[in-house]
2 protein chains.
Amino acid sequence: MKTADPELMRAINRLNVLDTVRRHGPISRIEISERTELSTTTVSAITASLLDDGLILPRHEGDIRNEAVRGRPRVALELNPDAARVVGGKIAANRMVFVVTNFRGDVLSKLALPIRLDRQPIGVIADLVEDGVRRCVVDAGLSLEDVDSVCLGFPGVIEHRTGYIRSSPIFRDTNVDFASEMSTRLSTPTIVESDAHAITLGHHWFGKARDLEDMVLISLEQTLGLGVLHGNSLFRGAGGLSHNLGDLVLGMGPNGVVRLSSQAGESAILGEQQADGRFAEAIRLGRGMNHAQALIKADDDRLIGAAIRAGEAVGLTIANIVTLFAPPRVILVGSSLALGEPFLNSLRDAYALAIPPSLRGVSELVFDDSTDDFWAQGAAAVALYELYESPWNTTGPAL
Amino acid sequence: MKTADPELMRAINRLNVLDTVRRHGPISRIEISERTELSTTTVSAITASLLDDGLILPRHEGDIRNEAVRGRPRVALELNPDAARVVGGKIAANRMVFVVTNFRGDVLSKLALPIRLDRQPIGVIADLVEDGVRRCVVDAGLSLEDVDSVCLGFPGVIEHRTGYIRSSPIFRDTNVDFASEMSTRLSTPTIVESDAHAITLGHHWFGKARDLEDMVLISLEQTLGLGVLHGNSLFRGAGGLSHNLGDLVLGMGPNGVVRLSSQAGESAILGEQQADGRFAEAIRLGRGMNHAQALIKADDDRLIGAAIRAGEAVGLTIANIVTLFAPPRVILVGSSLALGEPFLNSLRDAYALAIPPSLRGVSELVFDDSTDDFWAQGAAAVALYELYESPWNTTGPAL
DNA sequence: GTGAATTAATCCGCATAGGGGAAAAATTGT
DNA sequence: ACAATTTTTCCCCTATGCGGATTAATTCAC
């Protein structure tokens, strides 16, 4: 257990204040004091230090002041957008998306690269990622030295704490120390995180879970991922390992265990169409889901069947996850949502069937079809959160 | 987020020191300082306060002193066993077990009552539990006024935070505020907790997880429960709800969803034998599992079949839990373990088959056939932990 | 336009916490 | 008896947060 000393005390309260400023837009010291339950004195001291470090700014213009109120007007404080810049990236098998954001998480530039990295040697992947980060930074009119940190979201099992990619469909090898590799290449602190975790934090900060401190997110992409928000922070498994939902077992079939990935993974849904040459080409180019969508609209029976089966499998899985975590909301994201009604309806039906009666109504299902840059923005949020926690200049005691 | 003030700081460090004394037996201040990474000054101050409150005691006799060492000898400190007494209880459908323990968790008296409470009205259950607690306290040579708190472990979905029993096979009703009810009856603070959580903490304190700060426990009784230890503390779901594993879905069968409880619940295993009059009687009296054990030894085919099916279902479920939490150890407890080899072997086989290759070797399975009083002792540990956290006299600032 | 009223933010002094280093305490060895 | 050694406590310092008084910046009333 971390030992509690005055420094930790201050770090906690500082983060608390900073996070309050981030969440509640321009906000006066008094309101911060009410929300955090810190005394106005303490808030004053902490905000002074944050102002001194340039992390927040007073906003004089356009005071949101109620004109009919007397007394000294409140000074609204807000994040200094230019206090830092980070890069967030979503790396998938057939595409990479990067964003550069400011300290508030506003996107300054986006870059989408529809490149297949799948199974390339590590060096090639690192080259391509490095290039993407550098280009996106240049697009934002910045240089890498202006960037404070980078966070890359990967599918698979990612150990955020150590920066190792334990296993990922993108890498042929296991246990790749990708964080160190990229930190060296970019000479900027780089962290890796599960893509599902990244978009989970993204939803907590910018998306469909801003109002919640607990929730669960399920990502349906090539890999099936899980993110759990618990008490406003990401719940990373025991060893800091991320969860790999695709490995979950749904039951025993004639050929051994049936895993979720074999029912609802991207390749499981699309793979049944191998015969069709044009479709195979689309898959290879990462347009499989769009193509599948078109086929479903055209009443392609085989694909509709696959989508229904996938929806059932995912619906059951969500019911199981809800049984374990009982979150107030479950957010579903990922390319598989593009399969449309056949998939979503069977998912909803299976969920309704499988959810235990006692938990009926506890969780609401929310579908989110955000684009890839939202994932990257989530990764940026992960990077920003670590900046918020870091000590900064700390406006040393004796100056 | 809780605001950090000096009081919180002290509370944290105090708990840390107290817990270190609990875990590492008689221990000197210097060793506490090393383990907690607090300065010797701080440890000295905190231990002084703990001594003052009578929670710990110096041990002069039998100093574990290395005779060949010079200098002032270390004074070993240990928990004051008599600083408090608590009652822990395990309440099951067909039996209740209580223990009274001292501040260290040593059992002072046990009481096992093989009574069927199942579906009795709340008032009757409360009567019986009250009676059990009172008797066990008397057996320990104490009076209820000597008892500082009571913790009762129930099967089902228990909301520890509020003291509500959301649903339990023992109660006909749902959402029973049993903690308040018993607190009033006993005029002693009483908390309720999931039986699975109780034995999870029990294993962390006294049993097969003393060396771990993360682990998962699965309880196989009438109800199938889950306990997750995360960073030395119980992980209680989002809303503080406990998990009910039996509701997990294993797949779709011909008659709708197949839940784990229908494969591996006590009644699922035993229920198939309804024909046999003597067996039915044994079940009614809560001796079902013992009887089943005998039948299995006698090569009863139907029961062996049921045990094998149950083992498979549990094995798959454990694999899924491991996929989600990746704990270093999974402890299995509960009456169903008595089914013996057919059950355990099929469980192990199914687990080995279902665990994803990437997680092979991450978790070890441990079977624990502790008796009921160990469950009750776990409940006592839950009660004790809350005492450890509570402020006590705090040796007020100005004396 | 000037002063009263009002509200926000800061300053001052206090209490408590933890840490470092010196001093005291309790031993063993010579 | 005194030196050496190790543990524990004592004294002083700094940092933190808080309550109450003070100062700052407005609006309203006349």
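Every chain is numbered from 1 and lettered A, B, ... according to where its sequence line falls, protein lines coming before strand lines. Values in this document were obtained by computation on a predicted structure and should not be read as measured data.
Geometrically, R210(B) does not engage W205(B) in a cation-pi contact, judged by NZ or CZ lying under 6.0 Å from the ring centre and within 45° of the ring axis.
In this structure, L51(A) places its CG atom 13 Å from C1' of dT10(C), rounding to the nearest Å. In this structure, CG of L38(B) is placed 15 Å from C1' of dG20(C), rounded to the nearest angstrom. One interatomic measurement links the two molecules: CG of N16(A) to P of dT16(D), which rounds to 16 Å at whole-angstrom precision. Distance L8(A) CG to dG17(D) C1': 14 Å, rounded to the nearest Å. Atom CD in E7(A) sits about 15 Å away from atom P in dT14(D), given to the nearest Å. A straight line from CD1 of I46(A) to C1' of dT16(D) spans 9 Å, rounded to a whole angstrom. The CD1 atom of I32(A) sits 13 Å away from the C1' atom of dA8(C) (whole-angstrom rounding). For the pair M9(A) CE and dC18(D) P, the computed distance is 8 Å after rounding to whole Å.
Side-chain contact between M215(A) and I331(A): present, with at least one pair of heavy atoms (C-beta onward) separated by less than 4.5 Å. Residues E31(A) and L77(A) have side chains not in contact (no heavy-atom distance under 4.5 Å, counting atoms from C-beta outward).
When the ring pair (Phe, Tyr, Trp, His ring centres under 6.0 Å) test is applied to H203(B), the partners found at least two apart in sequence or on another chain are F374(B). Among residues two or more places apart in sequence or in another chain, the side chain to side chain donor-acceptor pair (under 3.5 Å) test is passed with R104(A) by D106(A).
The side chain of N13(B) contributes an N or O atom lying less than 4.0 Å from OP1 or OP2 of dG18(C). Proximity of T42(B) to the phosphate of dG19(C): a side-chain N or O atom is located under 4.0 Å from OP1 or OP2.
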Point to revise | Under 4.0 Å protein heavy-atom contact, by nucleotide of nucleotides 4-10 of chain D - B base, S sugar-phosphate only | key: BBBBSSB
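Side-chain atoms of S183(A) come within 3.5 Å of backbone atoms of T190(A) as a donor-acceptor pair (strictly under, hydrogens ignored).
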